[in-house]
Amino acid sequence: MQQFTLDIIQQISRIPAGKVATYGQIAAMAGNHRGARQVSRVLHTCTQKYQLPWHRVIGAAGKISISKDQPGYQKQKKKLQSEGIEFGLGDTIDLSIFQWQGQAQ
DNA sequence: CACATGACGAGGG
DNA sequence: ACCCTCGCCATGT
């Protein structure tokens, strides 16, 4: 496993409840602003093992990146709402309000 | 080593 | 706003 991947895991585990981060943001904080796809890979493979708050990671448009017909969609939405995050029309989250401002933002 | 795969992102039509 | 294409890069086969 690469350092970049470990950094991704670390950044995701840092996201506080009530806030969200985008794939690109996580990738950038992990040192590679073009590693968004690796972030998704980490969520797909390491959530169990590292107990990551996977639900706090959303797409750059402020929307959940899972397709709506999959079970994880509602599951994620519910978790976020229970943490105080609000969804607007089209299930869009207002990043200007809920996006996590990490260290080097 | 070559090729395919993604819970992505930005840009263009 | 919707759809498509292309760029990206760690991983898996």
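All values below were derived from every heavy atom in this structure, side-chain atoms included, with hydrogens, water molecules and symmetry-related copies excluded. All figures in this text were calculated on a predicted structure; none of them were measured in a lab. Below, chains carry the letters A, B, ... as their sequence lines are ordered, and counting in each starts from 1.
Remark: of the listed residues A/Lys75, A/Gln76, A/Gln74, A/Gln76 is the sole one forming a side-chain contact (heavy atoms from CB on, under 4.5 Å) with A/Ile64.
Protein atom NE2 of A/His33 is 13 Å distant from nucleotide atom C1' of B/dC8, rounded to whole Å. Going from atom CG of A/Leu95 over to atom C1' of B/dC8 covers 14 Å, rounded to whole Å. Computed from coordinates, the A/Arg37 CZ to B/dG6 C1' distance equals 5 Å when rounded to whole Å.
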Can you pull every protein N or O that's under 3.5 Å from an N or O on nucleotides 11-13 of chain B?
none

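Within residues 60-80 of chain A, no residue has any heavy atom closer than 4.0 Å to DNA chain C. Against DNA chain C, the stretch residues 38-52 of chain A makes heavy-atom approaches under 4.0 Å through A/Gln38, A/Arg41.
Backbone-only engagement by A/Arg34 is indicated by non-hydrogen atom pairs under 4.0 Å involving sugar-phosphate atoms exclusively. At a threshold of 4.0 angstrom between heavy atoms, the contacts of A/Gly35 with the nucleic acid are absent.
When every heavy atom of A/Ile15 is checked against every heavy atom of A/Pro53, the shortest pair comes out as O-CG, 4.4 Å. Considering all non-hydrogen atoms of both residues, A/Ala27 and A/Phe4 come closest at O-CE1, 3.8 Å.
In this structure, the separation between OH on A/Tyr50 and CD1 on A/Ile12 is 11.5 Å, given to the nearest 0.5 Å.
With hydrogens and angles left out, the side-chain atoms of A/Gln11 and A/Asp7 include no donor and acceptor closer than 3.5 Å.
Secondary-structure stems of DNA chain B, taken as three or more successive Watson-Crick or G-U wobble pairs (i with j, i+1 with j-1) under a 3.5 Å distance threshold, comprise B:2-6 with C:9-13, B:8-13 with C:2-7.
For the side chain to side chain donor-acceptor pair (under 3.5 Å) condition, the pairs that include at least one residue of residues 83-92 of chain A, sequence neighbours left out, are A/His55-A/Glu83, A/Arg56-A/Glu83, A/Tyr73-A/Asp91, A/Lys77-A/Asp91.
Protein chain A touches strand DNA chain C; the 5'-most and 3'-most nucleotides with an atom under 4.0 angstrom of its non-hydrogen atoms are C/dG7 to C/dT11.
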Donor-acceptor pairs under 3.5 angstrom involving side-chain atoms of residues 35-47 of chain A: please list them, not counting sequence neighbours.
{"from": "A/Ser40", "atom 1": "OG", "to": "A/Arg37", "atom 2": "O", "distance (Å)": "2.7"}
{"from": "A/Thr45", "atom 1": "OG1", "to": "A/Arg41", "atom 2": "O", "distance (Å)": "3.0"}
{"from": "A/Thr47", "atom 1": "OG1", "to": "A/Leu43", "atom 2": "O", "distance (Å)": "3.2"}

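Among residues two or more places apart in sequence or in another chain, the salt bridge (Lys or Arg N to Asp or Glu O under 4.0 Å) test is passed with A/Lys19 by none. Considering only residues two or more places apart in sequence or on other chains, A/Gln10 meets the side-chain contact (heavy atoms from CB on, under 4.5 Å) condition with A/Arg14. Residues satisfying the side-chain contact (heavy atoms from CB on, under 4.5 Å) test with A/Gln51, not counting sequence neighbours, are none. With sequence neighbours excluded, the residues forming a side-chain contact (heavy atoms from CB on, under 4.5 Å) with A/Leu95 are A/Val20, A/Thr22, A/Ile58, A/Gln99, listed by chain and number. A/Ser67 is linked by a side-chain contact (heavy atoms from CB on, under 4.5 Å) to A/Asp69, A/Gln70, counting only residues two or more places apart in sequence or in another chain.
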Could you walk me through whether A/Ser65 and A/Tyr23 pass the side chain to side chain contact (heavy atoms under 4.5 Å, CB included) check?
-> CA-CA 10 Å; A/Ser65 292; A/Tyr23 291 79; 3.4 Å; yes
